[in-house]
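Data block below; observations after.
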Amino acid sequence: MANSEEEIARGNKAGELLRNDVFKEAFDALREHYIEQWTLTSVDEFEKRERLHVSVAVLEEIQSHIESIALTGKMAADQITAAKEGRYH
């Protein structure tokens, strides 16, 4: 497991990534593209719809994982601050 300083650094980088306009634009554009392609499939294109569904799900998993890293870093920073202020034992 990473130490607190590493968790904070990783969390900061993850937070920067989540706030990055290009990153957000890329995720939004891909999600929109996959959903649009899904709506254009015909009834017999089951496999294509499944692939598109998986693509959207993977995007959501990636975003959730990055959000988790950011949250872990924030929690580590909060713990250090609390310990320094004598609020955490």
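Within the structure, ring pair (Phe, Tyr, Trp, His ring centres under 6.0 Å) contacts touching residues 12-56 (residues at least two apart or in different chains) are Phe23-Phe27. Screening residues 55-81 for ring pair (Phe, Tyr, Trp, His ring centres under 6.0 Å), with sequence neighbours left out, gives no hits.
The CG atom of Leu40 lies 9.5 Å from the CG atom of Leu52; values are rounded to the nearest 0.5 Å. Thr81 OG1 to Gln79 CD: the interatomic distance, rounded to the nearest 0.5 Å, is 10.0 Å. Taken to the nearest 0.5 Å, the CD atom of Glu61 stands 12.0 Å off from the OG atom of Ser68. Note that the CG atom of Asn20 and the NZ atom of Lys13 stand 14.5 Å from one another [nearest 0.5 Å].
Nearest heavy-atom pair across Ala14 and Ala70 is CB-N, 3.7 Å. Among all heavy-atom pairs drawn from Glu45 and Thr41, the shortest one is OE1-CA, 3.1 Å. A pairwise comparison of heavy atoms in Ala76 and Ser4 identifies CB-O, 4.1 Å as the closest pair.
In this structure the side chain of Ile80 reaches within 4.5 angstrom of the side chain of Ile8, judged on heavy atoms. Residues Leu71 and Glu67 fail the side-chain proximity criterion, which asks for heavy atoms closer than 4.5 Å. Glu60 has its side chain within reach of Arg31: a pair of non-hydrogen atoms, C-beta onward, lies under 4.5 Å apart. A 4.5 Å side-chain heavy-atom check between Arg51 and Lys48 finds at least one atom pair inside the cut-off.
Residue-environment remark: CD (Glu32) stays at or below the threshold of 12 foreign heavy atoms within 6.0 Å.
Judged by distance alone, with hydrogens and angles left aside, the side-chain atoms of Glu85 form no donor-acceptor pair with the main-chain N or O of Ala82 at under 3.5 Å. Judged by distance alone, the side chain of Arg10 and the main-chain N or O of Thr72 form no donor-acceptor pair under 3.5 Å.
Leu17 and Met75 are members of different hydrophobic clusters when ILVMFWY side chains are connected at heavy-atom separations under 4.5 Å. Cluster membership for Leu18 and Leu30, using ILVMFWY side-chain heavy atoms within less than 4.5 angstrom, is shared.
Asp28 and Lys24 are not joined by a salt bridge, as no carboxylate oxygen comes within less than 4.0 angstrom of a charged side-chain nitrogen.
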